[in-house]
Amino acid sequence: MSAFPSRALSEWFRRDHRRLPWRETYDPYRVWVSEVMLQQTQVETVLPYYDRFLDRFPTVEALAAASEDAVLAAWSGLGYYSRARNLRNAARRVVADHGAHVPDDHERLIALPGIGRYMAGAILSIAYNRPFPVVDGNVRRVLSRLHGWPEPKERTLWDTAAAVARAGEPRVMNQAMMELGATVCTPNAPRCGECPLRRRCEARKTGAQAEIPLPRKRPPTVRVDLHAVLDRNRNGYLMREDRGLWEFPMLTDPPGDGFLHLGHCRHAITHHRVEVDVYRGALGRRKGYRRVRFDAVPVTSLTRKIHALAETPPNQR
DNA sequence: AATGCGTGGAC
DNA sequence: TGTCCAAGCAT
C-alpha cells in the first residue's frame, strides 16, 4: 500500500483553493459559524449571509447575548433554522461554561448542541490545527473513488480520514479533501485531469467514477396532497408563524366553503397587497396534517415570498 | 436505523 | 414546469 499523496494534495490546495470569507481567519468562532452555515448548504447560498451575520454577532459573547428572534432574523432564508437556535444555545453555553473560549477538545465540543462528529473535527482541525478527521459528502466521495469503494462503510471512512488528517498539516489536509470534492471530484463530470490524486485513483483506473460512490438507498416518496388555506379577511390573509417562518395553515383535506385553495389562487399573492395576521399555534405544529417530503408540497415557492412580505414593515408596502 | 429539517441547483 | 437530490445533526 503506497503512502497517501499528501504533498500533491496540500500543494494543490494552497495553489487552487477558492478564496472565501471564512478562509481569511482561523478564529474558532468564525470557523464554527461558517461550518454551521455550510452544513447542507452550498457555498453560493452562504456567501451573502456570512459577513452580515458576523457584523451583527462579531463574537461568541455577542451571539450569546442576542435574542433568538434576532439570530433567526439574520438566518432568515438560509433554512434549517434549528441550526441557528442550536448555534445560539451553544454560544450561551460556551460563554457560561467555558469563559467564552470555544472548546479545543473533542469531548466538550461534541457536547454542544448542533455539534456532531463532523463539526467537532472541522473546528479542531481548521481552527486549532489538530489532527481530527472530517467526513462530509465531499470527503466521502473523494475517498470512495480514490480507494474504489462503491459502498463505503462509515467506520472505514472515518479511519481513513483520520489517517489523511495526520498525513500533513491537519487544517490543510482536511480543507483540501473537502475542496477537492467540491471543485474537482464532483458528483457529475469530475475533472480528473486536474486532480492531484489522479495517479492513485482506483475509480479513474477503471473508469468507474460515475458508479462510485453508489447513491444511498432512499425510501420511496410518499405523496400527500396538502391544501393551504387562503383565508382572506378584512385585514388580509390568515397566516401562522412557526418559529420565524411564515406559512399558510395547511390541511390534508380540502378546506370547506369560505376558504380558497392556494393552488387555485397563486395570483392572489402577487395581485393583492398582503397584510399578515399572526395565527399562533391553533392548528398545532403539523398536527392534523402531514408533510412527508417538502418538495411534494405545492406551495413551497410561495412560502419564501410570504416570508419576505411578512418581514417588510407595512409602511414600506 | 430511519427520518425530518429548508433551500437551491441540475435536469 | 416538476422532480430529484444534496448529506450533518438530532431524535
Side-chain angles (χ1 to χ4, degrees), chain A residues 31-50 72-90 106 109-126 132-144 151-155 157-158 161 174 177-178 181-183 185-190 210 212-226 241-247 250 263 266 285-287 289-308:
Chain A
V31 170
W32 178 18
V33 169
S34 75
E35 289 299 336
V36 176
M37 285 189 174
L38 287 162
Q39 185 186 317
Q40 303 286 119
T41 307
Q42 301 192 340
V43 165
E44 288 301 313
T45 308
V46 169
L47 278 175
Y49 285 87
Y50 179 74
L72 284 170
W75 206 268
S76 171
L78 259 184
Y80 282 124
Y81 296 92
S82 64
R83 295 185 299 177
R85 285 187 293 274
N86 284 335
L87 180 60
R88 173 174 172 273
N89 289 333
H106 193 270
L109 274 175
I110 214 155
L112 294 169
I115 297 190
R117 193 174 182 188
Y118 165 80
M119 203 144 358
I123 292 168
L124 288 166
S125 63
I126 298 172
F132 283 80
V134 292
V135 176
D136 70 347
N138 294 311
V139 174
R140 179 173 185 273
R141 188 169 54 253
V142 171
L143 288 177
S144 300
E151 293 179 293
K153 297 267 178 288
E154 286 303 301
R155 173 72 200 269
L157 286 170
W158 283 95
N174 283 354
M177 291 291 283
M178 295 192 278
T183 64
C185 193
T186 48
N188 302 308
I212 301 178
L214 290 170
R216 288 175 170 163
K217 304 170 194 72
R218 295 174 73 90
T221 298
V222 179
R223 308 216 169 266
V224 175
D225 285 331
L226 292 177
E241 185 193 13
D242 182 0
R243 298 170 302 176
L245 281 179
W246 293 89
E247 60 188 21
M250 287 190 284
R266 287 174 181 263
R285 184 166 175 270
R286 306 277 180 266
K287 205 166 276 183
Y289 53 91
R290 293 193 304 150
R291 185 167 65 176
V292 177
R293 280 184 56 87
F294 198 76
D295 54 17
V297 177
V299 295
T300 54
S301 65
L302 295 173
T303 307
R304 227 177 3 264
K305 295 175 186 170
I306 296 307
H307 194 189

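Naming convention: chains lettered A, B, ... in sequence-line order (proteins, then strands); numbering from 1 in each chain. It should be emphasised that the depicted structure is a prediction, and the values quoted were computed from it without experimental measurement.
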query: So what does A/Pro187 hit on the nucleic acid, given a heavy-atom distance under 4.0 Å: a base, only sugar-phosphate, or nothing?
result: nothing
- Query: Is the shortest side-chain N/O distance from A/Arg83 to OP1 or OP2 of B/dG6 below 4.0 Å?
  - Reply: no
Under a 4.0 Å heavy-atom cutoff, the residues of residues 37-45 of chain A touching DNA chain C are A/Gln39, A/Gln40
A/Leu87 CG to C/dC9 P, in whole Å, measures 13 Å
Say you pick atom P in B/dC11 and the same atom in C/dA7; how far apart are they, in whole Å?
-> 15 Å
Whole-Å distance, A/Glu154 CD to C/dC9 P, equals 11 Å
Suppose you measure atom P in C/dT3 against the same atom in B/dG6; what distance do you get, rounded to whole Å? 22 Å
Separation of C/dA10 atom P from A/Tyr118 atom OH, nearest Å, is 14 Å
Across all chains, not counting sequence neighbours, the side chain to side chain donor-acceptor pair (under 3.5 Å) partners of A/Tyr118 are A/Glu35
Open item on the list: If you compare every side-chain N and O of A/Tyr80 against the phosphate oxygens of B/dG4 (OP1, OP2), does one of them come in below 4.0 Å?
Closed with: no
Residue set satisfying side chain to side chain contact (heavy atoms under 4.5 Å, CB included) with A/Asn174, at least two apart, ordered chain then number -> A/Ser125, A/Val134, A/Ala165
Assert: residue with more 5' nearest nucleotide on DNA chain C, out of A/Asn138 and A/Pro113, is A/Asn138
Residues passing the salt bridge (Lys or Arg N to Asp or Glu O under 4.0 Å) test with A/Glu154, sequence neighbours excluded, are A/Arg216
Rounded to whole Å, OH of A/Tyr81 lies from C1' of C/dC9 at a distance of 17 Å
Here the distance between atom C1' of C/dT11 and atom CZ of A/Arg85, to the nearest Å, is 15 Å
Sequence neighbours excluded, the answer for side chain to side chain donor-acceptor pair (under 3.5 Å) partners of A/Arg117 is none
From OH of A/Tyr49 across to P of B/dG8 the rounded distance in Å is 7 Å
Between CE of A/Met119 and P of C/dG8 the distance, given in whole Å, is 10 Å
From CG of A/Leu78 across to C1' of B/dC5 the rounded distance in Å is 14 Å
Exercise for the section: Using a 4.0 Å heavy-atom cut-off across all strands, classify A/Arg117 as base, sugar-phosphate, or nothing. Expected result: sugar-phosphate
Rounding to 0.5 Å, atoms CE (A/Met119) and CG (A/Leu112) come to a distance of 10.5 Å
With the side chain defined as heavy atoms from C-beta on, A/Asp136 is closest, among C/dG8, B/dT7, C/dA7, to C/dG8
Value for CG (A/Leu143) from CD1 (A/Ile212), rounded to nearest 0.5 Å, stands at 12.5 Å
Residues passing the side chain to side chain donor-acceptor pair (under 3.5 Å) test with A/Asn86, sequence neighbours excluded, are none
